[in-house]
Every structure is written in C-alpha cells, then in structure tokens.
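Taking it in order: structure first as structure tokens, then the write-up.
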Amino acid sequence: MAVDAGRSDAPDTKINVEAEDREAEEEKEDPLVKAKREQEELEQALEAARDVNPNDDPAMKAFYADMKEVDRENQVNRVLGAFKLNPYEMLGLRFDAPDEDISRMYRKVSLAVHPDKCSHPRAKDAFEIIGHAQKELQDPEKKQRLDFVLQQVKDSVISDWKKAAKDDPASQLAVAVDGLEAVVQKWLATDEFHDAWKMKARDVLAKTEWRRRKMAKRLEEETERAKEESKKRKEEIKQARDEEKKWETTRDDRVGNWRDFMKKKKKKSRGGSAVLGGLKPPKSKIAK
C-alpha cells in the first residue's frame with residue numbers, strides 16, 4: 001500500500017515542480033515581452049468573446065460587455081501612450097499602410113474611444129488625438145513630408161540590418177538559399193523590422209521637431225529684435241523731425257531778437273565815431 005501511495009503522490013509532485021518552474025520563468029521574463037504576451041492573450045479572449053452570442057445567457061452577456069469595455073479602455077491607453085509626432089503610431093498603423101487602411105483604422109479606433117461609448121476618464125483626449133492624426137494624414141503636403149522622412153529611416157534600418165547580417169551565419173545561409181532580396185522582403189514583413197523602424201523613426205522625428213522648435217524660437221527672437229530696432233529707429237526719426245519743426249517754428253523769434261539786439265547796439269553807438277558793427281575801439285593810453 002505504501003508503494004501505491006507513493007506512486008499516486010508522484011504525479012502531483014511533478015505538477016507542482018512544473019508549476020514552480022513556470023512561475024520562476026515568468027519572473028525572469030522581460031517585462032515588455034510579458035506585457036506583449038498578456039496583450040495577445042487578451043486579444044485572443046476578445047476574439048473568442050466576439051464569436052459568442054451574448055443573448056444566449058445573461059451571464060455571458062455581462063461578460064461580453066465587460067470584455068468590450070476592457071478593449072475600449074486598452075485602446076484609450078494605447079492612444080494616450082503613443083508617440084505624438086507620428087500619426088501612424090497614434091492610429092496603431094504600420095508606417096507603410098495604404099490610404100484605405102488609414103480610413104478604416106480611424107473609424108475603428110474612433111468608435112472604440114468615443115467619449116459617448118467609452119467610460120475611460122480620458123476617452124475625450126484619446127478621441128481628439130486620433131482626430132488630429134487623421135487630419136495630419138489627410139493633408140497631402142504633411143503626409144508627403146512624413147512619408148519621406150519615414151522612407152529615409154526605413155532605408156537606414158535596412159542598411160543597418162544588411163551590415164549586421166554579414167556577420168550572422170543564419171542570415172548568410174538564408175541569403176545563399178533564397179537570395180538577398182527575398183530574405184530582406186521576408187524580414188520587412190516581421191514585427192522585428194517594424195519595431196526597429198518605429199524606434200529609429202521616433203529618434204529622427206524627435207530630433208527634427210527639436211531643431212524645428214529651436215529654429216522657430218530663434219526666428220521669433222530675431223523678429224522681436226527687428227521690431228524693437230524698427231521702433232527705436234522710428235522714435236529717433238520722429239524726435240529729429242520734432243526738433244527740426246521746433247527750430248523752424250522759432251526761426252522768426254530768433255531773427256526778431258537778433259534785429260532788436262542790433263538796434264540797441266546802434267543806439268548806443270550814436271554820438272561817437274561809428275564803426276563797423278556799432279562797436280567803439282578801445283582808447284589809446286598815449287591819448288590820455
């Protein structure tokens with residue numbers, strides 16, 4: 001009997017050990033990988049919930065409503081945490097998405113985060129963010145500039161991958177079998193490539209925006225300085241004109257004062273020898 005009991009305990013012990021091993025592995029798991037895995041599990045659950053008719057069971061109906069609300073809140077959090085300089089990221093699109101995907105994704109996300117349908121406290125903010133993203137991508141000039149930058153970043157990412165692939169035996173083997181172009185195209189369809197593209201695009205767009213803001217600030221400072229100089233110059237011109245006008249206004253008074261002064265001099269010089277200017281020469285000491 002003891003042998004039988006030992007045999008019956010062995011499977012339970014094995015299960016416990018396996019569970020502990022899984023827990024230890026989960027603790028060591030990268031937080032980003034874990035978050036991505038949990039998100040995928042949630043999406044799978046949501047997909048499964050959508051296949052269920054919520055009218056079959058009141059409990060299932062409530063569960064379905066809860067899952068939809070969780071999906072809406074996740075969308076709001078994703079939009080709020082998206083990189084705000086890239087409209088593609090705000091809408092949750094690949095950077096090479098065609099125009100029809102942009103319109104379709106906007107409709108999908110806007111319905112999910114609409115303040116009238118989502119109870120998230122910042123649903124309105126998320127709705128405004130995706131509205132701004134939609135407008136940016138609907139503007140042909142802005143979209144063309146953004147796509148140009150993203151294409152330059154994409155070419156840079158591909159170039160970096162090719163350099164790294166030269167030292168990777170697996171990549172070299174794949175190139176030897178399928179050819180470089182086929183391997184590159186296969187890699188471009190992976191999440192690894194798009195993540196690398198996304199991270200480098202963030203860096204480039206952030207630096208570009210920083211330079212733009214610095215240039216705008218410098219231009220604003222130069223404009224203000226030019227305004228101050230122009231204002232100062234106008235004040236100097238006005239002051240000079242006022243002084244000239246005052247000088248012209250008092251001209252007759254100055255001339256009249258001079259004439260009166262000369263008349264007084266002439267009166268004083270009468271009775272003596274008239275000399276030029278109405279002034280008498282000094283008396284000589286010898287004459288005394």
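Positions are given from 1, in the same order as the sequence printed here. As the structure is a computational prediction, the values presented were derived from the model and not from experiment.
- Using a 4.5 Å heavy-atom threshold, the side chains of K154 and I158 count as touching.
- Annotation for V76 and C118: closest pair CG2-SG, 3.8 Å, computed over non-hydrogen atoms.
- When all heavy atoms are compared, the tightest approach of A133 to L91 is CB-CG, 4.1 Å.
- With respect to the salt-bridge test (charged N to carboxylate O, under 4.0 angstrom), the residues E244 and R241 do not qualify.
- Taking all atoms of both residues into account, the shortest heavy-atom contact from L80 to H120 is CD1-CE1, 4.3 Å.
- Residues F193 and W187 come closest through the heavy atom pair CB-O, 3.2 Å.
- Residue pairs meeting the salt bridge (Lys or Arg N to Asp or Glu O under 4.0 Å) criterion with at least one member in residues 159-179, sequence neighbours excluded, are D160-K200.
- Atom-to-atom distance recorded for L93:CG and R104:CZ is 9.5 Å, nearest 0.5 angstrom.
- Proximity of F95 to N86: side-chain heavy atoms (C-beta onward) are separated by under 4.5 Å at one or more points.
- With hydrogens and angles disregarded, a donor-acceptor distance shorter than 3.5 Å links the side chain of T223 to the backbone of L219.
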Exercise for review: Start with the C-alpha distance between I102 and K143, add both sets of side-chain angles, then the distance that settles side-chain contact (heavy atoms from CB on, under 4.5 Å), and finish with yes or no.
Suggested key: CA-CA 12 Å; I102 295 173; K143 185 176 184 298; 3.9 Å; yes

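- Applying the salt bridge (Lys or Arg N to Asp or Glu O under 4.0 Å) test to residues at least two apart or on different chains, the pairs with a partner in residues 124-134 are R122-D125.
- Atoms CD and CG, from E136 and L85 in turn, are 10.0 Å apart once rounded to the nearest 0.5 Å.
- Atom OG in S103 sits 5.5 Å away from atom CD in Q134 (nearest 0.5 Å).
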Practice item. Go through the steps for V109 and Q75 under the test side-chain contact (heavy atoms from CB on, under 4.5 Å), then give the verdict. Key: CA-CA 7 Å; V109 179; Q75 277 285 13; 4.2 Å; yes

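- The side-chain heavy atoms of M105 and K108, taken from C-beta on, include a pair separated by under 4.5 Å.
- You'll find the side chain of R211 reaches within 4.5 Å of the side chain of T208, heavy atoms only.
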Practice item. Show your reasoning for whether side-chain contact (heavy atoms from CB on, under 4.5 Å) applies to V79 and F127. Key: CA-CA 9 Å; V79 172; F127 188 75; over 6 Å; no

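- A salt bridge links R213 with E209; the closest basic N to acidic carboxylate O contact falls under 4.0 Å.
- Applying salt bridge (charged side-chain N to carboxylate O under 4.0 Å, His left out) to E236 and the options K238, K234, R233 leaves one that passes, R233.
- Inspection of the D101 and Y106 side chains reveals no N or O donor paired with an N or O acceptor under 3.5 Å.
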Practice item. Begin from the C-alpha positions of K232 and E228 and carry the test salt bridge (Lys or Arg N to Asp or Glu O under 4.0 Å) through to its verdict. Key: CA-CA 6 Å; K232 184 178 179 181; E228 289 295 327; over 6 Å; no

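- Inter-residue side-chain proximity for M90 and P87 is flagged as met; some heavy-atom pair is nearer than 4.5 Å.
- Between A82 and K84, the shortest heavy-atom distance links the atoms O-NZ, 2.8 Å.
- In terms of hydrophobic clustering, with Ile, Leu, Val, Met, Phe, Trp and Tyr side chains grouped at heavy-atom distances under 4.5 Å, L188 and L180 are assigned to a common cluster.
- The line from CZ of R78 to CD of E89 is 9.0 Å long, rounded to the nearest 0.5 Å.
- Other members of a hydrophobic cluster containing M215 are absent, since no ILVMFWY side chain comes under 4.5 Å of it, directly or through relayed contacts.
- With salt bridges taken as basic N to acidic carboxylate O contacts below 4.0 Å, none links D139 and K135.
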Exercise for review: Determine, stepwise, if the pair D155 / Q151 fulfils side chain to side chain donor-acceptor pair (under 3.5 Å).
Suggested key: CA-CA 6 Å; D155 294 340; Q151 183 62 46; 3.0 Å; yes

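- Contact check for R225 versus E221: no side-chain heavy atoms found under the 4.5 Å cut-off.
- Judged by distance alone, with hydrogens and angles left aside, the side-chain atoms of W197 form a donor-acceptor pair with the main-chain N or O of L150 at under 3.5 Å.
- In terms of heavy-atom proximity, W161 sits nearest to S171 at CZ2-OG, 4.4 Å.
- In this structure the side chain of L146 reaches within 4.5 angstrom of the side chain of L205, judged on heavy atoms.
- Looking only at distances, no side-chain donor or acceptor of R72 sits under 3.5 Å from a matching main-chain atom of V113.
- The main-chain N or O of P140 is never found under 3.5 Å from a side-chain atom of K142 such that the two would form a donor-acceptor pair.
- Side-chain polar atoms of E235 and Q239 form no donor-acceptor pair below 3.5 angstrom.
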